[in-house]
Asks: 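The structure is given below, and queries will be raised subsequently.
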Amino acid sequence: MSEKTNEQKPSLWGIIWSPSVQFERIKEHPKIWGPLGIVTFLFIIGMWLQSFGLELELEGLSKEEKVIVSAISTVSLILAGIISPIFGAFISTLIYLLVAKIANSKVSFRQLFSMNTYLMIMSALSLIINGVGFALFGGSGEILYTSLGSMISAEGAMAGILSSIELFNIWGVILAAIGLHKVADFSKGLAWTVSIVLYLIGVIIAMVGAAASGVVGI
């Protein structure tokens, strides 16, 4: 029996319960289109569900106009679901590739893009689970059920911080660190540093955005 027969492809769902094994497989067999298609499909579903938590200013509009605005908003979210996983994986790959060049890692763009595509499953699950919550229990759409923001009431910058402390977000940080160590051959220290720094940058952006929204009264 040839070695190719024994080769195992990385599993998208396996990232959840056996990440180290899957990242090793991604390093050897970086798959992109299959997992990207699945993740994009899940993002579309998640964005559609998120529309149930979308608050629209419809006062003063006729019934027909309200239907049109709601439809446009839903379609926009679905389009965002198509673009987001591709754009997110691409930007993350560029950042990791830059660090890899500095660290003299021989990891390829394809390997990193494949890794980031598999990691996007965390964001997809967050969208779907929170979307189901919005559909069943309502909500503003700005506060995720899986974040500390859903348990602790806050305003301004603190609201942005709490919304960033989110289950799948934290899980993604951990998986990214493992992935960078396994796929890119980063040292554990460098892998964790890069993953945490990018997460903190996201927290700062969310904090500034929330603070700005409070100032202008959005």
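Worth saying up front: this structure is predicted, and the values here are computed from it rather than measured.
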Asks: Among residues at least two apart in sequence or on other chains, which ones pass side chain to side chain donor-acceptor pair (under 3.5 Å) with Thr193?
Replies: none
Asks: List, by chain and number, the other hydrophobic cluster members for Val21, where Ile, Leu, Val, Met, Phe, Trp and Tyr join if side-chain heavy atoms come within less than 4.5 Å, directly or indirectly.
Replies: none
Asks: Can you name the closest pair of heavy atoms from Phe43 and Gly81 and give their distance?
Replies: CB-O, 3.2 Å
Asks: Output every pair passing salt bridge (charged side-chain N to carboxylate O under 4.0 Å, His left out) with a member in residues 171-199, not counting sequence neighbours, ordered by first then second residue.
Replies: Glu24-Lys182, Lys27-Asp185
Asks: Check the pair Leu180 / Met115 against side chain to side chain contact (heavy atoms under 4.5 Å, CB included), numbers first and verdict last.
Replies: CA-CA 9 Å; Leu180 289 172; Met115 181 193 80; 3.9 Å; yes
Asks: Using 0.5 Å steps for rounding, measure from the CD1 atom of Ile205 to the CG atom of Leu200.
Replies: 11.0 Å
Asks: Looking at every non-hydrogen atom in both residues, tell me the closest pair between Phe134 and Leu49 and how far apart they are.
Replies: CB-O, 4.4 Å
Asks: Look up atom OG1 in Thr117 and atom CD1 in Ile38, then write down how far apart they are to the nearest 0.5 Å.
Replies: 11.5 Å
Asks: Using the test side chain to side chain donor-acceptor pair (under 3.5 Å), find all partners of Ser92 that sit at least two apart in sequence or belong to another chain.
Replies: none
Asks: Do you know which two heavy atoms are closest between Ser114 and Ile26, and how far apart they sit?
Replies: OG-CG2, 3.6 Å
Asks: Determine, using the 4.5 Å side-chain heavy-atom cutoff (strictly less than), whether Ile128 and Leu136 are members of one ILVMFWY cluster.
Replies: yes
Asks: CE/Met158 to OG/Ser163 distance, rounded to the nearest 0.5 angstrom?
Replies: 11.0 Å
Asks: Taking the side chain from Thr93 and the backbone from Ala89, do they hold a donor-acceptor pair closer than 3.5 Å?
Replies: yes
Asks: Taking everything shown except Trp48 itself, do over 12 heavy atoms lie less than 6.0 Å from its CH2?
Replies: no
Asks: Do Leu175 and Phe168 make a side-chain contact, defined as non-hydrogen atoms from C-beta onward lying under 4.5 Å apart?
Replies: no
Asks: May I ask you to test the Phe23-Ile178 pair for a side-chain heavy-atom distance under 4.5 Å?
Replies: yes
Asks: Please report the closest heavy-atom contact between Ala154 and Ala159, naming both atoms and the distance.
Replies: O-CB, 3.6 Å
Asks: Answer with yes or no whether the side chains of Ser11 and Gln22 bring together a donor and an acceptor at under 3.5 Å.
Replies: no
Asks: Do Ile32 and Phe113 have side chains that get closer than 4.5 Å, going by heavy atoms?
Replies: yes
Asks: Can you list the steps and then say if Ile16 with Met122 is a side chain to side chain contact (heavy atoms under 4.5 Å, CB included)?
Replies: CA-CA 8 Å; Ile16 298 173; Met122 292 295 104; 3.8 Å; yes
Asks: Could you check whether any side-chain heavy atom of Asn116 comes within less than 4.5 Å of a side-chain heavy atom of Tyr96, counting everything from C-beta outward?
Replies: yes
Asks: Measure the shortest side-chain to side-chain distance between Leu94 and Leu98 over non-hydrogen atoms and say whether it is less than 4.5 angstrom.
Replies: no
Asks: His181 side chain to Ala191 main-chain N or O, any donor-acceptor pair under 3.5 Å?
Replies: no
Asks: Using atom types as modelled and distance alone, determine if a side-chain donor or acceptor of Ser164 lies under 3.5 Å from a backbone N or O of Gly160.
Replies: yes
Asks: Hydrophobic clusters join Ile, Leu, Val, Met, Phe, Trp and Tyr when side-chain heavy atoms are under 4.5 Å apart, directly or via other members; which others share one with Ile68?
Replies: Ile72
Asks: Are Val67 and Val69 connected, step by step, through hydrophobic side chains (Ile, Leu, Val, Met, Phe, Trp, Tyr) whose heavy atoms are closer than 4.5 Å?
Replies: no
Asks: Can you tell me how far CG of Leu144 sits from CG of Asn130, rounded to the nearest 0.5 angstrom?
Replies: 4.5 Å
Asks: State, yes or no, whether a side-chain contact exists between Leu36 and Lys31 at a heavy-atom distance under 4.5 Å.
Replies: no
Asks: Are Val99 and Phe186 close enough that some pair of their side-chain heavy atoms sits under 4.5 Å apart?
Replies: yes
Asks: Distance from Leu125 atom CG to Ile15 atom CD1, nearest 0.5 Å?
Replies: 11.5 Å
Asks: Which distance, rounded to the nearest 0.5 Å, do you find between the CZ of Phe109 and the CZ of Phe90?
Replies: 5.0 Å
Asks: For Ser51 and Thr74, work out which heavy atoms get closest and say how close.
Replies: CB-OG1, 4.1 Å
Asks: Please determine which of Ser126, Ser150, Ser147 meets the side chain to side chain donor-acceptor pair (under 3.5 Å) test together with Glu166.
Replies: Ser126
Asks: Considering only distance and modelled atom types, tabulate donor-acceptor pairs under 3.5 Å from the side chains of residues 101-108, sequence neighbours left out.
Replies:
from   : atom 1 : to     : atom 2 : distance (Å)
Ser105 : OG     : Val107 : N      : 3.3
Ser105 : OG     : Ala184 : O      : 2.5
Ser108 : OG     : Gln111 : N      : 3.1
Ser108 : OG     : Gln111 : OE1    : 3.3

Asks: For Pro35 and Tyr118, work out which heavy atoms get closest and say how close.
Replies: CG-CE1, 3.6 Å
